[in-house]
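All chains are named by letter (A, B, ...) in the order of the sequence lines, taking the proteins before the strands, and each is independently numbered beginning at 1.
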Amino acid sequence: MSRLDESLLTPMPPFSRLEKRQIREILDLASVRRFDEGVAVFEEGAPAERFYMLLDGYIRVMRITPTGEQVIALHIPSGQLFGIAQALGRTTYPATSVTASEAIVLGWPMRLWDQFVSQYDGFASETYKTVGQRIGEMNTRIVEMATQQVEQRVANSLLRLINQTGRKVENGIEIDFPVTRQDLSEMTATTLHTVSRLLSAWEKQGVVASRRKRITVTDAHRLVLICRGEAPPSR
DNA sequence: GCATTAAAGCCGC
DNA sequence: GCGGCTTTAATGC
């Protein structure tokens, strides 16, 4: 593996205020790893020995109940730190991180965390900005789960996915990584069957177009109406 | 309105 | 061809 170039980290917010020399130091302390899709980078409850920066791909943050049910808390796009247990005052990881696509990940020993925070300008403030955004999103989701019906929850999840990870294609905006009905059901506390029925109905109305593991939103405006409960029900 | 169960079809490796 | 993914329908709370 050749030496990583400084330009890799320059655009990433936690490092954007640093000089090339400092980024060099940081890169020389990092390990790089490529992960296949669907592989755990770390597991909930494990000692938080390292923290990570996602260089490419997507990470799915999930928790598993004692009965084996999986819940997807959040997706993380490239350019963000994850596994930052120390910033949360924890010595173990609070959730499991699984790759939602192929991914390239930088990792550092957690003992460097405090050093990075004190030594590198902007590292802490950018990190807490990211943490704040994640908490905000989870807050929103709690309210949705408690107050909205399934159709609206699924619509909201789809809108979040295309906003955060959408890629423009000919007929709309496609979610940039593979998503199954099961995945969507784990984001919205419903079953894959209900998600399947909703997607089929929306497809007939021209709101989405989907094939196996790929979902494109073709009419985002209409989806916004659906998530507000302002559109005629699909079922 | 939605979960559960069951059954069968389809797609990609 | 097989397993993972998806659809559809029936039933019940």
(request) Please evaluate the base of C:dT6 for a donor-acceptor partner in the side chain of A:His193 within a cut-off of under 3.5 Å? (result) no
(message) List the residues meeting ring-ring contact (aromatic ring centres under 6.0 Å, His included) with A:Phe177, not counting sequence neighbours, and say none if there are none.
(response) A:Tyr58, A:His75
For the pair made of [atom1] in [X] and [atom2] in [N], what is the distance, rounded to whole Å?
X        : N      : atom1 : atom2 : value
A:Leu199 : C:dC5  : CG    : P     : 15 Å
A:Lys213 : C:dT6  : NZ    : P     : 8 Å
A:Arg197 : B:dA6  : CZ    : P     : 15 Å
A:Arg211 : B:dG9  : CZ    : C1'   : 19 Å
A:Trp202 : C:dT6  : CH2   : C1'   : 16 Å
A:Gln148 : B:dG1  : CD    : P     : 15 Å
A:Glu37  : C:dC5  : CD    : P     : 9 Å
A:Arg214 : B:dC11 : CZ    : P     : 17 Å

(request) Any salt bridge (charged side-chain N to carboxylate O under 4.0 Å, His left out) involving residues 8-23 of chain A? Give me the pairs, sequence neighbours left out, ordered by first then second residue. (result) A:Arg17-A:Asp121, A:Glu19-A:Arg21, A:Arg21-A:Glu25
(message) Using modelled atom types and a 3.5 Å cut-off, is there a donor and acceptor pairing between side-chain atoms of A:Thr218 and backbone atoms of A:Asn171?
(response) no
(request) Give a yes or no on whether the backbone of A:Thr180 and the side-chain of A:Asp183 come within a donor-acceptor separation of less than 3.5 Å. (result) yes
(message) As a test of reading the structure: which of B:dT4, C:dT6, C:dT7 is closest to the side chain of A:Thr191, going by heavy atoms?
(response) B:dT4
(message) Let's see if you can work this out: which of B:dA3, B:dC2, C:dT6 has an atom nearest to the side-chain heavy atoms of A:Arg181?
(response) C:dT6
(message) Tell me whether the side-chain N/O atoms of A:Thr194 come closer than 4.0 Å to OP1 or OP2 in B:dA3.
(response) yes
(request) Would you tell me if any nitrogen or oxygen in the side chain of A:Thr190 comes within less than 4.0 Å of OP1 or OP2 on B:dA3? (result) yes
(request) Just call it for A:Leu192: base, sugar-phosphate, or nothing, with non-hydrogen atoms closer than 4.0 Å on any strand. (result) base
(request) Please work out if A:Thr180 contacts a base, only the sugar-phosphate, or nothing of the nucleic acid, heavy-atom cut-off 4.0 Å. (result) sugar-phosphate
(request) Please check if any side-chain donor atom of A:Thr188 sits under 3.5 Å from a side-chain acceptor atom of A:Thr190, or the reverse. (result) no
